[in-house]
Number of protein chains: 2
Amino acid sequence: MGSARRAGTEDSKTRSVLLDATEKLMLEEGYAAVSSRRVASVAGLNAALVYYYFGSMDDLFIAVFRRGAQRSLERQAEALRSAQPLWALWELTHSLTNTALTMEFVALANHRKAIQSEIVSYSQKFRTMQLEVISGVLNGYGIDAQRWPPVTVMLLMSGISRFLLMEEAFGIEVGHAETIALVERHIRQLEGDRRSGPS
Amino acid sequence: MGSARRAGTEDSKTRSVLLDATEKLMLEEGYAAVSSRRVASVAGLNAALVYYYFGSMDDLFIAVFRRGAQRSLERQAEALRSAQPLWALWELTHSLTNTALTMEFVALANHRKAIQSEIVSYSQKFRTMQLEVISGVLNGYGIDAQRWPPVTVMLLMSGISRFLLMEEAFGIEVGHAETIALVERHIRQLEGDRRSGPS
DNA sequence: GTCTATAGCTGGATAGAC
DNA sequence: GTCTATCCAGCTATAGAC
């Protein structure tokens, strides 16, 4: 199931230090700054270890992505178990914690097939999980699935959120407050006021 | 006003051949594939000419961006003069012609300040132009600007469109048809059926 | 497991001939 | 304006010592 890792155990200390260093570099300087030498330098280790543990730079990227995606998936599962799932989902997708990293991977995947298919595969897991809950919720609230298909509500929430975050990354925030207010007004119509904040 | 171009006239044949080659490379292989040697090879010219005409690779990228943005700006101005400006705008932002290139620049700009500020600056021009027309249109249709602020309508149209295109670039199209239908239903409520297709 | 050393490549950028 | 030649930097990846 995993990529063709050359060696090293899954729970090796060194391995996770390398993953941490890569993640840090991606967030602070972008994926283009990630090289075996730079990663090693941040980790305080030797560059050859990257190849010992991951085999190639592509496999290192994939390992970082999988670790982050798995964590997010668990956070999403928890959010969807909330008593106000739409509120919880909105707050989660709109929290910038892991979004910056995701955007970095999207950019990286633009022309690297291995990473692209990894993103697509995880994205389906996220969507399937969301759709199941949103369908039930909207149905419970008596929403006409013809006029507001659950899959559309799901795409709108994810899409608007990601778009706003992308703009914010560029320092553009014109109209954001009004748009967020509009989304939250709709959520409030269904779930009432938000009762407990994000975890 | 322009960047510190070393030499060459603005309307030089060689200069525009280099711009064409860069654009082609970005679209087909991504910005990471753009190097002076590769550009020259595609253009059938010598690599040193890139530096003669543009000074640096960053300035080459900026020149390509400006040329494309200027063209898009003119196309948008034309669309907004349509008798059905919302339809025209939606069709324009949802046409993938120049969007693939834009996404490439967004990725490139992630950590290159010069290009980022170029994008921000042009993005403001696009938005100002859109907002002016959308405000007038919504007002003319008697839309409550409190519930549906023009700036929000503008962001929703741009955001949904770009998000769908990003997903399509990854081969993900679940729920897209339903979402597009929903947007177009709203546009139809205001402007009626689309009368003439995109140019 | 961790290191040094190195092969082999590609890139940005410039000098200078023509 | 266009070209050749070249410098120097940085990268991936591997071999092999410890």
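Labels below follow one simple rule: chain letters A, B, ... track the order of the sequence lines, proteins then strands, and each chain is numbered from 1. Quantities reported herein were computed from a predicted structural model and do not represent experimental measurements.
Under 4.0 angstrom from either OP1 or OP2 of D:dT2 there lies at least one side-chain N or O belonging to B:T14. The shortest distance between the side-chain N/O atoms of B:S35 and the OP1/OP2 oxygens of C:dT10 is not below 4.0 Å.
Distance CG (A:L60) to P (D:dC11): 14 Å, rounded to an integer number of Å. Here the P atom of nucleotide C:dA13 and the OH atom of B:Y53 are 18 Å apart, to the nearest Å. As a whole-Å value, the separation of A:Y51 OH from C:dG8 C1' is 13 Å. In this structure, the NZ atom of A:K13 is 15 Å from the P atom of C:dG1, given to the nearest Å. At whole-Å resolution of the value, CG in A:D59 and P in D:dT12 are 13 Å apart. Summarising the geometry, the separation between CG on A:D11 and C1' on C:dG1 is reported as 15 Å, rounded to the nearest angstrom. We find that OH of B:Y52 is positioned 15 Å from P of C:dA15, with the value rounded to whole Å. Counting to the nearest Å, the P atom of D:dT12 and the CE atom of A:M57 are 5 Å from each other.
Applying a 4.0 Å cut-off to non-hydrogen atoms, none of the residues of residues 103-113 of chain A approaches DNA chain C.
The shortest heavy-atom contact between A:Q130 and A:Q76 is NE2-OE1, 3.0 Å.
A search for side chain to side chain contact (heavy atoms under 4.5 Å, CB included) contacts involving B:E29 returns B:L25, B:A33, B:R38, not counting sequence neighbours. Judged as a side chain to side chain donor-acceptor pair (under 3.5 Å), and not counting sequence neighbours, the contacts of B:R112 are B:D58. Every residue two or more places apart in sequence or in another chain that forms a ring pair (Phe, Tyr, Trp, His ring centres under 6.0 Å) with A:F65 is listed here: A:F105, A:Y122. For B:A21, the side chain to side chain contact (heavy atoms under 4.5 Å, CB included) partners at least two apart in sequence or on another chain are B:V39, B:V42, B:A43. Applying the side chain to side chain contact (heavy atoms under 4.5 Å, CB included) rule to A:T14 yields the partners A:S12, A:L18, A:L45, A:L49, A:Y53; only residues at least two apart in sequence or on another chain are considered. Partners of B:S36 under the side chain to side chain donor-acceptor pair (under 3.5 Å) rule, at least two apart in sequence or in another chain, are B:Y51. Residues that satisfy the side chain to side chain donor-acceptor pair (under 3.5 Å) test with B:R188, not counting sequence neighbours, are B:D193. Residues that satisfy the side chain to side chain donor-acceptor pair (under 3.5 Å) test with B:H176, not counting sequence neighbours, are B:E167, B:E168.
Crowding of A:R147 atom CZ: a count of heavy atoms from other residues, nucleotides or ligands under 6.0 Å not exceeding 12.
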Would you mind writing out the side-chain donor-acceptor pairs for residues 134-146 of chain B within the sub-3.5 Å range, not counting sequence neighbours?
| unit_1 | atom_1 | unit_2 | atom_2 | d |
| --- | --- | --- | --- | --- |
| B:S135 | OG | B:L131 | O | 2.8 |
| B:Y141 | OH | B:E191 | OE2 | 3.4 |
| B:D144 | OD1 | B:Q146 | N | 2.9 |

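End-to-end axis angle of the helix from C:dG1-D:dC18 to C:dC18-D:dG1, from C1' rotation axes over five pairs per end: 0° (rounded to 10 degrees).
For a distance-only test at 3.5 Å, the side chain of A:R37 fails to qualify as a donor-acceptor partner of the base of D:dG10.
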Under 3.5 Å, N/O pairs linking protein and nucleotides 3-5 of chain C:
| unit_1 | atom_1 | unit_2 | atom_2 | d |
| --- | --- | --- | --- | --- |
| C:dC3 | OP2 | A:N46 | N | 3.0 |
| C:dT4 | OP2 | A:N46 | ND2 | 2.9 |

